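Lettering of chains follows the sequences in order, A, B, ..., and the numbering in each one begins at 1. Note that the structure is a prediction, hence the values are computed from the model and not measured.
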2 protein chains.
Amino acid sequence: MLRLNRITDYAVVVLTQMAREPDKLVTAPQLSQDSNVPQPTVAKLLKELTRGGVLASHRGVNGGYTLAREPEAISMLEIIIALEGPVSLTACVDGAEGDCEVERLCPVRGNWDRVNGAIHDALKGVSLADMTSPATMFGVSIEPRARPASAH
Amino acid sequence: MLRLNRITDYAVVVLTQMAREPDKLVTAPQLSQDSNVPQPTVAKLLKELTRGGVLASHRGVNGGYTLAREPEAISMLEIIIALEGPVSLTACVDGAEGDCEVERLCPVRGNWDRVNGAIHDALKGVSLADMTSPATMFGVSIEPRARPASAH
DNA sequence: GTAAACCGTACCGCAGCAGTCCTGTATTGG
DNA sequence: CCAATACAGGACTGCTGCGGTACGGTTTAC
């Protein structure tokens, strides 16, 4: 588990396509067609990405979407935040403390921050440009976990 | 988001208590009482943790649970796996490929492994013992709210 | 003014989780 | 041997949240 929403999954696919031609203005119907994801769904996530500052939108005829910045400057973290809200494994740490009925005797509260921080960094260290990278797909030799000192 | 189940959250609380006296045999009702989590729920997660190899169980009168290993040798990763199954952000990567209708033109498949690997490592790097440590993580002091030292 | 495209919101069905309960099995002690 | 205790396993239910859709509004180009 620890899975992210399917919407976010789709978003990465769509964003990857856009990252290939970073300055091109693309419409939602167009992206839907290219990605095989239903149009209403694509439209929905594009809107959320715009609100999250990942995309820039242009309205009216000949409108569409572009990336807000170069693909290298867009991290997986902000994509996920735009679509799913703040990243944190537990409810305790991000303001919803009232809901935690064991809060008062919970001895681990602050310690989750270590885990959250690690994951935060991991996601921040991977950019959209990284996701567009080589044709290493389809099983064959994705360079094994030891990545060239890009993240932390 | 990217949140884990509440069960897992409870589990860490319970395990933390057990880690204070690693060799002590504790019963589910006892742990329920100490943690303020309903007994059936505690029993459920204890069973799952046992199946996952995190705990060892002893049946019969005077039975109960103990940690399967020292707290230093139990990682957050295996706790999460025991309760939520394999950790991976996307459905694409762990066998459920049939469900992904855009699989054939999905250009990012393999690249998720980089992200998954990073998170994997992050969770593996934090042990149960780390979670029991005093509330002085990151210099932030979490006041211990005076719990009535019941189980230790 | 019209058409193309984004914007916002509301709505619904369904999967998955939280939580409970029940029956079975092992172990201890009288 | 019997009874009590505690774990094992599975079935069941209510509910939240997500995926997906639809609709009406607004902006802009021609």
Rounded distance in Å - CG (A/Leu55) to C1' (C/dA5) | 15 Å
Length of the CZ-P vector between A/Arg3 and C/dG16, whole Å | 10 Å
Quick one: on DNA chain C, does B/Thr8 or A/Pro29 contact a more 5' nucleotide (nearest heavy atom)?
-> A/Pro29
Selection from C/dT20, D/dG9, D/dA4 that lies nearest to any side-chain heavy atom of B/Val61 = D/dA4
Report yes if a side-chain nitrogen or oxygen of B/Tyr10 is closer than 4.0 Å to either non-bridging phosphate oxygen (OP1 or OP2) of C/dC17; otherwise report no.
-> no
Please report the shortest heavy-atom distance between A/Leu83 and A/Leu45, naming the atom on each side.
-> CD2-O, 4.1 Å
Taking for each residue the nucleotide of DNA chain D with the nearest heavy atom, is it A/Gly60 or B/Val26 whose nucleotide lies nearer the 5' end?
-> B/Val26
Measure the distance from NZ on A/Lys47 to C1' on C/dA5 and round it to the nearest whole Å.
-> 11 Å
Closest non-hydrogen atom pair between A/Ala82 and A/Val54, with its separation | CB-CG2, 4.3 Å
Side-chain N,O (A/Asn62) to OP1/OP2 (D/dC30) below 4.0 Å | yes
Find the distance between OH (B/Tyr10) and CG (B/Asn36) and round it off to the nearest 0.5 Å.
-> 10.0 Å
Rounded distance in Å - CG (B/Leu4) to C1' (C/dA18) = 15 Å
Strictly by modelled atom types, are A/Thr8 and A/Glu84 linked by a side-chain donor-acceptor pair under 3.5 Å?
-> yes
Whole angstrom value for the distance that separates P of D/dG17 from CG of A/Leu83 | 18 Å
Given D/dA8, C/dT20, D/dC30, which nucleotide is nearest the side-chain atoms of B/Ser57?
-> D/dA8
Using a heavy-atom cut-off of under 4.0 Å over every strand shown, decide if B/Ala28 touches base, sugar-phosphate, or nothing.
-> sugar-phosphate
Classify the side chain of B/Arg59 and the base of C/dT25 as holding, or not holding, a donor-acceptor pair under 3.5 Å.
-> yes
Among D/dC7, C/dT20, D/dT21, which is the nearest nucleotide to the side chain of B/Thr41?
-> C/dT20
Gap between atoms CD and C1', on B/Gln39 and D/dA8 respectively (whole Å) | 15 Å
Over all atoms of both residues, closest heavy-atom pair of A/Asp9 and A/Leu4 = N-CD1, 4.1 Å
State which of C/dG29, D/dG19, C/dA5 makes the closest approach to the side chain of A/Lys44.
-> D/dG19
Taking atom P of C/dA18 as reference, at what distance in whole Å does atom CD1 of B/Ile7 sit?
-> 5 Å
Mind checking B/Leu46 for me? I need base, sugar-phosphate or nothing, with any heavy atom below 4.0 Å counting as a touch.
-> nothing
Is any side-chain N or O of A/Arg6 closer than 4.0 Å to OP1 or OP2 of D/dG20?
-> yes
Between C/dG19 atom C1' and B/Glu48 atom CD, what is the distance in whole Å?
-> 12 Å
